[in-house]
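Below: one structure, written as structure tokens.
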Amino acid sequence: MESIKRNVLLNPGPATTTDSVKYAQVVPDICPREKEFGDVMEFVSKELTNFVADNEKYTTVLFGGSGTAAVEAMLTSAVGEDYVLIINNGAYGKRMCEIAEAYCMNYIEFKSSPFEAVDLNALEEAIKQSKVKISHLAVIHHETTTGLLNDVKTLGQLCKKYAMDMIVDGMSSFAGMPINMEEMNITYLASSSNKCIQGMAGISFVIAKLDALIKLNDVKKRNYYLNLYQQYEYFKKNYQMRFTPPVQTLYALKQAIIEAKEETVEKRHERYVKAWKTLVEGLDRLGLKYLVNPKDHSKLITTVVEPESGMYNFDKMHDYLYERGYTIYPGKVSDLNTFRIANIGDLNYTDVEKFLTILEEYINTLK
Ligand SMILES: *Cc1c(COP(=O)(O)O)cnc(C)c1O
């Protein structure tokens, strides 16, 4: 296999992939209704579940679409007439509120700082004081806006106490850090093919607790393409999606899963954390500040405050790095101008070292 030009993506997904994942897409044409392709989807579905739960009690429902499709599917399929309380502490929490709004759902927004851990006492108070019945709690596991990691395990205990089902957007944490759905009391977990699982963009999925999922047939349907129950029901019978799947992307995801199993999520997490440590040590050296306290930090994505030099310009810095093979991403949090560095994907701390050298070179041009 000829190697493909390597770009290091430090944007918060799609992440850098291996050549073997890229090449896995080059396969003979196949009709996705063939059994041979059903076997690929069965493998993908079962193995995705295996990373976070037991296939006897949980199952993975696949959709064609980017990650937001899975978030929209679980929110709009799982919540009935009662209320969902949505924790909004970043752009993705806000997006869940916007989805609920678009579908005219009953929801309560719980706003929280994008830099600091959720005030659990205030949250519990809001639940206790509520005059309406809250059936679900929805939260982002890793808020990709800032790198803030929400304490899903403790939130899961709160859900147990108040008999709520927990809906978790695990887009940028799944396969990047250990997750145990049963232990954390997560009922629905959404992620996609192009982040820490290190596949190609185009597939989103919801991992659901079976006993809750089965009951969704009784929830009045407010969606069609994205209906979680119907997608599950159809898949269970045929190992097919209801509508045309992104065929080649599924082959790439199968390969990405094989590679993630080989590496293990624990080891992948260690690799990511080592790259993060290299990054923040380098930022300290360059005198650049980053947001979010390490104790609440995912160590997967870092929000860096832009240098104060009047000469500084994000686009110029981006182009300087891009020409040298490194892609970074802007980000605006509150009034602060920031940019984001993600250390997920097929990369190593040595890539971060090289990136820092080029960043330093660029910063020196500002002096
Ligand atoms: C990437 C991401 C999404 C999905 O974004 P898409 O552009 O639809 O793939 C959703 N939530 C979080 C937390 C994310 O990081």
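Count residues from 1 along the sequence. Just so you know, these numbers come straight off a predicted model, no measurement behind them. Both counts, for ligands and for their atoms, begin at 1 and track the order of listing.
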Query - Geometric cation-pi criterion R242 and F235, 6.0 Å radius, 45° cone - result: no

Report task. Would you list the pairs meeting ring pair (Phe, Tyr, Trp, His ring centres under 6.0 Å) in which at least one residue belongs to residues 260-282, sequence neighbours left out? Result -> W276-H297

Requested in this report: Taking ring-ring contact (aromatic ring centres under 6.0 Å, His included) as the test, write out the residues that go with Y251, two or more places apart.
Outcome: F37

Query raised in the report: For the rings on Y225 and F243, is their centre-to-centre separation under 6.0 Å?
Result: yes

Query raised in the report: Would one find more than 12 heavy atoms of other residues, nucleotides or ligands at under 6.0 Å from atom NZ of K22?
Result: yes

Requested in this report: Taking only heavy atoms of the protein into account, state which residues are under 4.0 angstrom from an atom of ligand 1, in chain and number order.
Outcome: S66, G67, T68, Y92, R95, I140, H142, T144, D169, M171, S172, K195

Determine all donor-acceptor pairs shorter than 3.5 Å in which one atom belongs to a side chain in residues 92-100; sequence neighbours excluded.
{"residue": "K94", "atom": "NZ", "partner": "E98", "partner atom": "OE2", "Å": "3.3"}
{"residue": "R95", "atom": "NH1", "partner": "T68", "partner atom": "OG1", "Å": "2.8"}

